[in-house]
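Chain naming here is simple, since letters A, B, ... match the order of the sequence lines and numbering starts at 1 in each. Computed over heavy atoms, backbone and side chain alike; hydrogens, waters and symmetry mates excluded.
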Number of protein chains: 2
Amino acid sequence: MNKPRLLEVYNCLCDETRLRIVHLLAQSPLCVCHLQDILGLTQVSASKHLAYLRQRGLVVSRRHEQWMIYSLPTERPRELDWQLRCLQDCLPTHPIFRGDLRKLNAVRSDCCWVAEVVGTTPTAPVHSSRIKRRTE
Amino acid sequence: MNKPRLLEVYNCLCDETRLRIVHLLAQSPLCVCHLQDILGLTQVSASKHLAYLRQRGLVVSRRHEQWMIYSLPTERPRELDWQLRCLQDCLPTHPIFRGDLRKLNAVRSDCCWVAEVVGTTPTAPVHSSRIKRRTE
DNA sequence: CAGGAATATACCTGTATAAGAATTAGCGTC
DNA sequence: GACGCTAATTCTTATACAGGTATATTCCTG
């Protein structure tokens, strides 16, 4: 029924978990398990929220070995671009999102393989460090 | 639980009816019955959505005789200001909102008292024209 | 190909809320 | 004060969706 694109964007962002996900992905691409860690989500919850966002075009995913890497699309509808600017302006002062950014940086420094995996060249092998992550 | 202000704004705008209301009020203050007419809402639906918006600070209301005039607050949180800019940029092309603006202009021209009532000086008497509106 | 890790899906349940009907309340005219 | 108009509230019902459990799928390693 030709739902306005902007309305779909609002439907995505009106849930706190999804707002936090988009806020994090605006900083860096991330795999599902890192989003779980940072946001304290169950695997199912993370996966379902990401599916919701993916189906509405707010995020894209690509497989890298056994991980799914989620990121913001490079070609973004203007509706989303407005929201990203708004997030950047309005969220940094709020404790929830400050905390998320802190945890994001912890993940980045703890996991030597994140930079490789989430970067623009996702083809580097990361086997040994992957095991390191899961056992730590 | 200290819900982020931006999340509340999204909760308001993620409903199509409320998005259309805010879009209209960004053009001009309006009384409830005009919003009903323009959007094709029942009295109850209009009133409840407006209460939802009012409780979250996205709109304010003032009584003028037997009408409640709703408008955007003059002092707006930045979260709302971002959305107003976004609406102005993203919505004009969509048929739903174009239609709403058309109907808004029809109301404005049909009803000689709208300008008086919704203006910054809401004290002018409008009795005769009010009756005219209801019977036409 | 067996097994494990990461992710997705199907199903069920609970909750928030949108919509409708009926009622109530406020303001103005007569 | 009775009546008409505008708006708000209450109650009930219906629907969307978030969360949980169990299961399926895909990829990698040995």
Given [options], which nucleotide is nearest the side-chain atoms of [X]?
{"X": "Cys31(A)", "options": "dA18(C), dT7(C), dC27(D)", "value": "dT7(C)"}
{"X": "Arg54(B)", "options": "dA7(D), dA8(D), dA10(C)", "value": "dA8(D)"}
{"X": "Cys33(A)", "options": "dA18(C), dT7(C), dT6(D)", "value": "dT7(C)"}
{"X": "Val32(A)", "options": "dG20(D), dT7(C), dA8(D)", "value": "dT7(C)"}
{"X": "Arg18(A)", "options": "dA8(C), dA18(D), dC28(D)", "value": "dA18(D)"}
{"X": "Trp67(A)", "options": "dC11(C), dA8(D), dT7(C)", "value": "dT7(C)"}
{"X": "Ser47(A)", "options": "dA18(C), dT7(C), dG19(D)", "value": "dT7(C)"}

Please check if the side chain of [X] supplies one atom and the backbone of [Y] the other of a donor-acceptor pair under 3.5 Å.
{"X": "Asp89(A)", "Y": "Arg85(A)", "result": "no"}
{"X": "Arg18(B)", "Y": "Arg20(B)", "result": "no"}
{"X": "Arg62(B)", "Y": "Ile69(B)", "result": "no"}
{"X": "Gln27(B)", "Y": "His23(B)", "result": "yes"}

Rounded to the nearest angstrom, tell me the gap between atom [atom1] in [X] and atom [atom2] in [N].
{"X": "Leu30(A)", "N": "dA6(C)", "atom1": "CG", "atom2": "P", "answer": "15 Å"}
{"X": "Glu8(A)", "N": "dC17(D)", "atom1": "CD", "atom2": "P", "answer": "11 Å"}
{"X": "His64(A)", "N": "dT26(D)", "atom1": "NE2", "atom2": "C1'", "answer": "15 Å"}
{"X": "Met68(A)", "N": "dC28(D)", "atom1": "CE", "atom2": "C1'", "answer": "16 Å"}
{"X": "Leu41(B)", "N": "dT6(D)", "atom1": "CG", "atom2": "C1'", "answer": "15 Å"}
{"X": "Gln66(B)", "N": "dT6(D)", "atom1": "CD", "atom2": "P", "answer": "7 Å"}
{"X": "Asn11(B)", "N": "dA18(C)", "atom1": "CG", "atom2": "P", "answer": "9 Å"}
{"X": "Leu53(A)", "N": "dA8(C)", "atom1": "CG", "atom2": "P", "answer": "12 Å"}

- request: Hey, which sits more toward the 5' end of DNA chain D by its nearest nucleotide, Val44(B) or Lys48(A)?
  value: Val44(B)
- prompt: If you find the nucleotide of DNA chain D closest to Tyr52(A) and the one closest to Arg63(A), which residue's nucleotide is nearer the 5' end?
  reply: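 Taking each residue's closest nucleotide, the earlier one in sequence belongs to Tyr52(A).
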task: Give a yes or no on whether a donor-acceptor pair under 3.5 Å exists between the nucleobase atoms of dA8(D), that is its base, and the side chain of Gln43(B).
output: yes
task: Kindly indicate whether a cation-pi arrangement holds for Arg56(A) with Tyr52(A), taking the cut-offs as under 6.0 Å to the six-membered ring centre and within 45° of the axis.
output: yes
message: Is there a side-chain contact between His49(B) and the phosphate of dA19(C), meaning an N or O under 4.0 Å from OP1 or OP2?
response: yes
